[in-house]
Amino acid sequence: MLCAIPMEIANRELDAGLYLALHFAKRGLPTIFGERMVSRYVQGANAPVIYIDIEQYAPINKKVLSDGGYVLNCNPEGFAFVKNAKFISTFDNIRGAVSDLCLWGDKQLEVVKKYLPEDMGDTLRVVGHPTFDLVNKRFIPYYRNESIVDSYGEDYILINTNFGVGNHAMGYANYTKMMKKMDEWKVFDDPDHIRHREKKGLYQEQAIGEFVRLVKQLSKNDPHRKVVLRPHPAENKDFYRQHFRDCPNVFVVSHGSVREWIATARAVIHHDCTTSIEALLMGKQVIQYRPVFDEKFIDPLLVSFGMVAENADQVEEFVQMQEMPLDIVDKQHELLRPFLANVTGSASERLGDMAKQYSAGTSESWIPEPLGLWGQIKCWRKHLSKVIRAKQPGRNGKKVSYALSKFPRLPLEVVQKKVEKLRAVEPSMPSVSIEQLALNTFLMRPID
């Protein structure tokens with residue numbers, strides 16, 4: 001049976017998607033993966049597929065089930081459910097339209113069980129999430145990027161910001177208007193949620209100011225060490241570039257996977273960001289910087305990772321330590337275990353076994369064909385239109401630029417190179433062929 005992995009943000013999802021597709025291939029299953037055309041293919045399949053649902057969009061799920069397929073929901077915001085039960089309401093959209101709700105850990109299972117209708121209880125599975133399968137020291141060679149090393153060395157300080165409310169690329173009010181139009185995100189119509197986000201925006205503006213001051217102090221006190229600030233994809237990067245234009249050793253970057261930057265960093269600084277977990281599991285020194293701190297506006301789990309610094313001087317002291325003390329590392333691994341099943345096993349292995357079980361006894365898989373000439377032209381025309389419109393000044397240009405940055409053009413050779421690097425780290429993975437079906441949409445098949 002064909003597996004389908006749709007993706008929204010390439011930098012966040014591509015590596016994990018390829019790894020999961022390799023696990024499907026290991027079980028003899030082909031996979032279509034990539035941007036929006038994956039869902040288009042699935043909707044037109046009229047054949048059973050195993051669909052990895054990331055958006056809780058009922059029409060596609062129902063179509064998959066009506067064709068005799070299976071829907072495995074792998075929500076990319078698994079930590080949010082522990083902090084804010086309102087996010088669980090997104091699962092109501094797919095009530096009766098999902099085969100399995102694949103949760104990140106036992107804690108999420110406890111919370112979700114309290115809020116979901118009883119008739120959805122049988123769909124709950126603790127799996128972990130594929131994106132965290134690769135957060136392991138053994139995958140550092142996969143993420144090592146020689147162009148980063150050539151430009152920044154292997155001793156830079158990496159600062160990851162996650163202030164998408166206080167510094168949104170589109171302006172948070174405009175982003176909210178966009179989200180309100182989507183049936184699966186009705187939480188943005190909730191008055192309590194709106195008020196909370198407004199207050200959170202003010203809190204984040206305070207934190208942003210303190211992070212700017214931290215970066216300038218690090219830059220001034222150690223001018224020979226590079227400081228790399230990597231904003232969340234939703235943030236306005238130009239805001240930071242303006243503030244650091246007079247700091248020659250400070251770089252605001254957005255290209256590449258964040259894990260490529262973690263892999264060769266000396267230390268990783270965050271406020272409340274999932275990169276803290278990624279850096280911890282990759283064996284890096286992690287610093288949780290909290291110059292301002294209000295439990296109402298932070299993720300209570302994510303602020304638990306790293307050595308806590310309340311001012312810039314403490315950050316500088318920690319940076320000089322080279323590594324985190326082992327007792328702190330061990331305690332934080334134990335703290336993470338109930339929230340993330342990946343700590344004790346592979347989500348991709350579990351999902352691969354589920355897919356294999358669902359596909360048992362089925363006839364030969366439906367294999368999608370590449371788009372014809374006219375279909376390819378339409379894809380390219382839409383992409384090039386975005387590229388042009390993203391250069392427009394004002395709100396519309398920012399909106400299109402934001403959408404385009406989530407999944408820029410992905411050449412076939414880049415995908416092939418990533419697959420070979422994954423197989424080099426994990427030689428037990430099968431040989432596969434990769435075919436480009438459309439712009440940013442690909443088919444992986446195991447080679448017998």
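In what follows, every heavy atom counts, from backbone to side chain, and hydrogens, waters and symmetry copies are set aside.
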Please check if atom CG in Asp122 has more than 12 non-hydrogen atoms from other residues, nucleotides or ligands closer than 6.0 Å. no

Should the pair Lys200-Glu198 be classified as a salt bridge under the 4.0 Å nitrogen-to-oxygen rule? no

Give a yes-or-no answer on whether the side chains of Arg381 and Ser385 include a donor-acceptor pair shorter than 3.5 Å. no

Rounded distance [0.5 Å steps], CE in Met1 versus OH in Tyr358: 10.5 Å

Between Lys63 and Asn46, do the side chains contain an N or O donor and an N or O acceptor separated by less than 3.5 Å? yes

Is the shortest heavy-atom distance from the side chain of Leu410 to the side chain of Leu14 under 4.5 Å? yes

Intermediate values then yes/no, side chain to side chain donor-acceptor pair (under 3.5 Å), Tyr156 and Thr264: CA-CA 8 Å; Tyr156 54 84; Thr264 46; 2.7 Å; yes

Any idea which heavy atoms bring Gly128 and Ala341 closest together, and the distance? N-CB, 3.8 Å

Should the pair Phe79 and Trp104 be assigned to parallel (<30°), tilted (30 to 60°) or perpendicular (>60°) ring geometry? perpendicular

Test side chain to side chain donor-acceptor pair (under 3.5 Å) applied to Ser147 - qualifying residues, sequence neighbours left out: Asn145

Decide, yes or no, whether a salt bridge links Lys406 with Glu35 under the criterion of side-chain N to carboxylate O below 4.0 Å. no

Kindly indicate whether the side chain of Leu351, heavy atoms from C-beta on, has any atom under 4.5 Å from the side chain of Leu20. yes

Residue pair Gln204, Asn167: steps toward the side chain to side chain donor-acceptor pair (under 3.5 Å) verdict: CA-CA 8 Å; Gln204 288 193 353; Asn167 180 39; over 6 Å; no

Between atom CG of Leu229 and atom OG1 of Thr161, what is the distance when rounded to the nearest 0.5 Å? 5.0 Å

Face-on cation placement of Lys421 at Tyr142 ring, 6.0 Å and 45° thresholds: yes

With a 6.0 Å cut-off on ring centres, are Phe33 and Tyr41 close enough? no

Go through it in stages, so that I can follow the logic: the residues are Ser219 and Asn249, the test is side chain to side chain donor-acceptor pair (under 3.5 Å), and I'd like the CA-CA distance, side-chain angles, deciding distance and then a yes or no. CA-CA 6 Å; Ser219 170; Asn249 60 329; 2.5 Å; yes

Tightest non-hydrogen contact, residues Gln56 and Asn73, listed as OE1-ND2, 2.9 Å

Determine whether Tyr203 and Phe163 make a side-chain contact, defined as any pair of heavy atoms from C-beta on separated by less than 4.5 Å. no

I need the minimum non-hydrogen distance between Met120 and Ile94, along with the two atoms involved. CE-O, 4.3 Å

Carboxylate-amine/guanidinium contact Asp238 Arg241, below 4.0 Å: yes

Less than 4.5 Å apart, side chain to side chain, heavy atoms only: is that true for Thr344 and Arg337? yes

If you look at every heavy atom in Ser99 and Leu65, which pair is closest and at what distance? OG-CD2, 3.6 Å

Considering residues at least two apart in sequence or located in another chain, which fulfil the salt bridge (Lys or Arg N to Asp or Glu O under 4.0 Å) criterion with Arg12? Glu8, Glu77

Is the distance between the ring centroids of Trp261 and Tyr143 less than 6.0 Å? no

Could you check Ser431 against Arg423 for side chain to side chain donor-acceptor pair (under 3.5 Å), going step by step and ending with a plain yes or no? CA-CA 8 Å; Ser431 297; Arg423 293 184 65 245; 3.2 Å; yes

Should we count CZ of Phe239 as having more than 12 external heavy atoms under 6.0 Å? yes

What's the shortest heavy-atom distance between Cys379 and Leu439, and which atoms? O-CD2, 3.8 Å

Starting at CG of Leu336, measure out to CD1 of Ile277 and round the result to the nearest 0.5 Å. 5.0 Å

Could you walk me through whether Arg27 and Glu349 satisfy the salt bridge (Lys or Arg N to Asp or Glu O under 4.0 Å) test, starting with their C-alpha distance in whole Å, then the side-chain angles of each, then the deciding distance to 0.1 Å, before giving a yes or no? CA-CA 10 Å; Arg27 291 155 176 82; Glu349 284 279 0; 2.7 Å; yes

Where do Val253 and Pro231 come nearest, in terms of heavy atoms and distance? O-CD, 3.3 Å

Is there a side-chain contact between Ile9 and Phe407 (heavy atoms, below 4.5 Å)? no

After noting the C-alpha distance and the side-chain angles of Ile269 and Leu218, does the key distance pass the side-chain contact (heavy atoms from CB on, under 4.5 Å) rule? CA-CA 12 Å; Ile269 302 172; Leu218 293 173; 4.3 Å; yes

Test of understanding: with side-chain contact (heavy atoms from CB on, under 4.5 Å), list the residues that count as partners of His232, not counting sequence neighbours. Asn162, Ala234, Glu235

Ile5 side chain reached by Val38 side chain, heavy atoms, under 4.5 Å: no

Interatomic distance, CG@Asn11 vs CZ@Arg230, rounded to 0.5 Å, equals 5.5 Å

Among His270, Arg259, Lys284, the one residue meeting side-chain hydrogen bond (donor to acceptor under 3.5 Å, both in side chains) with Glu278: Arg259

Verify whether one side chain among Ser39 and Tyr51 offers a donor that lies under 3.5 Å from an acceptor in the other. yes

Value for SG (Cys273) from CG (Asn160), rounded to nearest 0.5 Å, stands at 5.5 Å

Determine, stepwise, if the pair Tyr152 / Phe251 fulfils ring pair (Phe, Tyr, Trp, His ring centres under 6.0 Å). CA-CA 9 Å; Tyr152 305 93; Phe251 303 87; 5.1 Å; yes

